[in-house]
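Encoded as structure tokens, the structure appears first; notes follow it.
The first residue in the sequence is number 1, and the count goes up from there.
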Amino acid sequence: MGAGGSTVALDDASWEREIEAGAGLAMVDFGAEWCGPCRVVAPIVEKLADDYRGRVKVATLDVDANPRTAARYNVRSLPSVLFFKDGKLVDTVVGAVPRPVLEKKLQAHL
């Protein structure tokens, strides 16, 4: 679940500063190294990060290393992609979904 070029790797400590105090739209991919479907979604998230650079903050969070944040948002299935606008949760997508599903959510909140 390493963060690539355009994504930000978050942890429990940076969550408030990066997401809750952030302005605009953020998309966070909650996943884990052992999660097969997460490996399917990760390159899609990375590509969206490149395509929406400057318009959307795209981040990843490893739920095994950061259980506090995952529990706070009731993340029980992986992958879960959560969308935040001005620090508030506005949408969630659970499971390995194709790019158009995530992109439609981004467009709806931009």
Side-chain angles (χ1 to χ4, degrees):
M1 262 209 61
S6 300
T7 59
V8 178
L10 298 176
D11 57 26
D12 285 342
S14 65
W15 181 262
E16 187 174 334
R17 178 182 72 250
E18 293 287 337
I19 300 301
E20 291 178 0
L25 185 60
M27 178 174 86
V28 184
D29 177 16
F30 284 73
E33 291 287 342
W34 50 264
C35 167
C38 297
R39 288 192 289 274
V40 172
V41 169
I44 297 168
V45 169
E46 189 62 43
K47 183 75 171 95
L48 286 168
D50 289 337
D51 294 349
Y52 285 82
R53 184 188 315 244
R55 294 188 289 161
V56 178
K57 175 182 282 194
V58 180
T60 60
L61 185 118
D62 183 326
V63 299
D64 288 335
N66 303 284
R68 190 174 78 222
T69 301
R72 182 168 171 198
Y73 289 97
N74 212 21
V75 173
R76 300 205 185 290
S77 298
L78 299 179
S80 286
V81 179
L82 279 62
F83 298 83
F84 295 85
K85 188 147 194 182
D86 299 329
K88 304 282 183 255
L89 179 64
V90 292
D91 222 330
T92 303
V93 175
V94 177
V97 297
R99 177 188 167 117
V101 173
L102 295 175
E103 194 156 23
K104 187 175 180 185
K105 296 287 189 181
L106 285 174
Q107 292 292 333
H109 296 293
L110 271 175

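Looking at every heavy atom in both residues, K57 comes nearest to E18 through NZ-OE1, 2.6 Å. Between R68 and A13 the shortest heavy-atom distance is NH2-N, 4.4 Å. Contact detail for G31 and C38: the closest heavy-atom pair is CA-SG, 3.7 Å. Scanning both residues, G24 and D86, for their nearest heavy atoms gives N-OD1, 2.6 Å. In this structure, S6 and E46 approach most closely via the heavy-atom pair N-OE2, 3.1 Å.
In this structure, the side chain of R76 does not engage the main chain of A70 through any donor-acceptor pair within 3.5 Å. Using modelled atom types, no side-chain atom of E16 and backbone atom of A21 make a donor-acceptor pair closer than 3.5 Å.
Counting only residues at least two apart or in different chains, salt bridge (Lys or Arg N to Asp or Glu O under 4.0 Å) contacts with residues 91-110 comprise D51-R99, D91-K105, R99-E103.
With contacts defined as side-chain heavy-atom distances shorter than 4.5 Å, the pair L78/W34 qualifies.
Connection of L82 to V8 is established within a shared hydrophobic cluster, with ILVMFWY side chains joined at heavy-atom distances below 4.5 Å, either directly or through further cluster members.
To the nearest 0.5 Å, the span separating CG on D12 from CG on D62 amounts to 10.0 Å. In this structure, the separation between CD1 on I19 and NZ on K88 is 12.5 Å, given to the nearest 0.5 Å. Put simply, SG on C35 and CG on D64 are 9.5 Å apart, with the number rounded to the nearest 0.5 Å.
The closest side-chain donor-acceptor pair between D29 and T60, if any, does not fall under 3.5 angstrom.
Comment: D50 does not engage K47 in a salt bridge, judged by the lack of any side-chain N to carboxylate O separation of less than 4.0 angstrom.
Alongside L48, the hydrophobic cluster contains L25, M27, V41, I44, V45, Y52, V56, V58, V81, F83, V90, V93, V97, V101, L102, L106, L110 (criterion: ILVMFWY side chains under 4.5 Å).
Residues that satisfy the side chain to side chain donor-acceptor pair (under 3.5 Å) test with E20, not counting sequence neighbours, are W15, R72, Y73.
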